[in-house]
Amino acid sequence: MAERGSESRDDIVANNLGKADLRSVLVTSVLNLEKLDIDLYRGTHHWVPRTKRLFGGQIVGQALVAAANSVSEHLYAHSLHCYFVRAGDPKVPVLYQVERTRDGRSFCVRSVKAIQHGQPILICQASFHMQQPSPLEHQFIMPTVPPPHTLLTVEELIQRYLSDPNLADNTRQGLNKILADEVPIEIKPVNPPDFYRHVAMEPKNLFWVRARGHIGPGDMKLHCCVAAYVSDYAFLGTALLPYPNHRAQFSASLDHAMWFHSTFRADEWMLYECESPWSGGSRGFVQGRLWRQDGVLAASCAQEGVIRVKAVSLSKL
């Protein structure tokens, strides 16, 4: 385990990457679509959540890859709007059908259907823009938080809890299942959840996030696709933070929107600032901002999802 305040082995490796075998699996597998025909692609799965439904971020990211393949090199994604209409089946690939909705001088729009078993599971509209200078520039100020090299990863935090001999068996089993997940992104919580105390928290969440492995500075379109994948991870759970006595019995994303503001690298640490301004009617609404380490706002996100909960008794660990 890396010591707090020192550069971890992963950080050192990340600064000296470049070998093909260290390429991010998000590039080599998850977002590497097979072209079947003009504007028709097939995507496969790498990581499947314990819900046994396809991860929404994967479908959004792959849909954006398919859309980006149909636009010229000088156009970059600036926004996407998606509706999840059916649960994804992890046992079969996903087909992505692209419609070239509009090609303009500065903007173009693509519509993408993600299809399984002959029916759409996601409908996505993506817009691409030719970058242009503007005298109108402003942004919010990035929250002041500890830098990523001073914080522990989720895996390191879990290992710390697992070292407690008094940890309840059911909690130990749950934490080991999390460790077994092959998630292709790394997370360092700014205020990690305390597994020992179940307390109501403000519906805000801050964590550093990056893709595992090397992507490189090259294709900004690819970094946007990776960020689309990353943006859906642990996003909706922000709406559950004020309710320690309830656990999600069922949760699913209904829609997902994203706006890309500045260039960034998804394989470098970015701060994900999430907040839930509202929940009700078995739905939760969450907004997010992805910040570069230098304080530049890279992207904004919004999502609504179904959250059905059940009351739980607080275990004594």
Side-chain angles (χ1 to χ4, degrees), residues 10 24-27 29-31 43 45-65 80 82 84 87-88 90 122 124 148 151-158 174-175 177-193 203-213 215 222-241 248 251-260 264-276 284-291 298-307:
D10 290 342
S24 170
V25 71
L26 287 169
V27 176
S29 176
V30 179
L31 299 176
H45 322 310
H46 173 74
W47 169 69
V48 177
R50 280 168 287 162
T51 60
K52 303 304 180 184
R53 302 189 305 271
L54 286 184
F55 173 50
Q58 173 192 293
I59 309 171
V60 173
Q62 290 182 342
L64 188 57
V65 170
L80 61 87
C82 302
F84 298 93
L122 173 127
C124 176
L151 300 172
L152 299 177
T153 65
V154 169
E155 291 81 6
E156 290 168 335
L157 287 166
I158 289 175
L175 293 177
K177 287 180 180 178
I178 295 175
L179 281 180
D181 287 344
E182 296 182 1
V183 184
I185 59 177
E186 293 180 276
I187 289 177
K188 290 188 173 185
V190 173
N191 294 305
K204 292 185 178 182
N205 197 11
L206 288 163
F207 54 89
W208 293 98
V209 61
R210 70 178 178 187
R212 293 187 188 274
I215 298 174
L222 181 57
H223 283 287
C224 288
C225 295
V226 173
Y229 180 100
V230 168
S231 67
D232 190 40
Y233 191 80
F235 197 28
L236 195 57
T238 307
L240 284 168
L241 294 177
S251 64
S253 303
L254 292 172
D255 57 10
H256 190 86
M258 198 164 185
W259 298 264
F260 302 99
F264 59 89
R265 282 185 56 176
D267 57 348
E268 294 182 345
W269 289 113
M270 291 192 293
L271 180 68
Y272 201 6
E273 178 189 10
C274 307
E275 58 185 0
S276 176
F285 177 65
V286 187
Q287 296 172 317
R289 287 180 283 272
L290 275 168
W291 300 90
S300 299
C301 317
Q303 183 180 103
E304 189 178 52
V306 176
I307 306 178

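Being a predicted model, the structure only gives us computed values, none of them experimental. The basis for the numbers below is simple: all heavy atoms, side chains too, and nothing from hydrogens, waters or symmetry mates.
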Heavy-atom pair with the smallest gap, counting every atom of [X] and [Y]:
X      : Y      : value
Leu290 : Ala227 : CD1-CB, 4.4 Å
His223 : Arg265 : ND1-CA, 3.5 Å
Ala63  : Leu122 : CB-CD2, 4.0 Å
Ala248 : Ile307 : CB-CG2, 4.5 Å
Ala298 : Met270 : CB-SD, 4.3 Å
Ala228 : Met258 : CA-SD, 3.7 Å

- Message: Assess the residue pair Leu31 and Leu64 against the criterion (side chain to side chain contact (heavy atoms under 4.5 Å, CB included)); give the C-alpha distance rounded to whole Å, side-chain angles, the decisive distance to 0.1 Å, and a yes or no.
- Response: CA-CA 9 Å; Leu31 299 176; Leu64 188 57; over 6 Å; no

side-chain hydrogen bond (donor to acceptor under 3.5 Å, both in side chains) partners of [X], counting only residues at least two apart:
X      : result
Glu273 : Arg289, Trp291
Trp208 : none
Ser251 : none
Gln303 : Asp232, Ser253, His256

Under the side-chain contact (heavy atoms from CB on, under 4.5 Å) rule, collect the residues that match up with [X], sequence neighbours excluded.
X      : result
Ala211 : Ser24, Leu26, Ile215, Val226
Val183 : Trp47, Asp181, Ile185, Tyr233
Ala252 : Arg53, Phe250
Val154 : Ile158, Ile187, Pro189

- Evaluation steps, side chain to side chain contact (heavy atoms under 4.5 Å, CB included), between Arg210 and Glu268: CA-CA 5 Å; Arg210 70 178 178 187; Glu268 294 182 345; 5.8 Å; no

By ring-ring contact (aromatic ring centres under 6.0 Å, His included), which residues pair with [X], not counting sequence neighbours?
X      : value
Tyr229 : Phe55
Tyr272 : Phe207, Phe235
Phe285 : none

If you measure from [atom1] on [X] to [atom2] on [Y], what distance do you get to the nearest 0.5 Å?
X      : Y      : atom1 : atom2 : value
Gln287 : Glu304 : CD    : CD    : 11.5 Å
Ser276 : Asn205 : OG    : CG    : 11.0 Å
Cys301 : Phe260 : SG    : CZ    : 7.5 Å
Leu241 : Cys274 : CG    : SG    : 9.5 Å

- Task: Check whether any side-chain heavy atom of Leu54 sits under 4.5 Å from a side-chain heavy atom of His45, and report yes or no.
- Result: yes

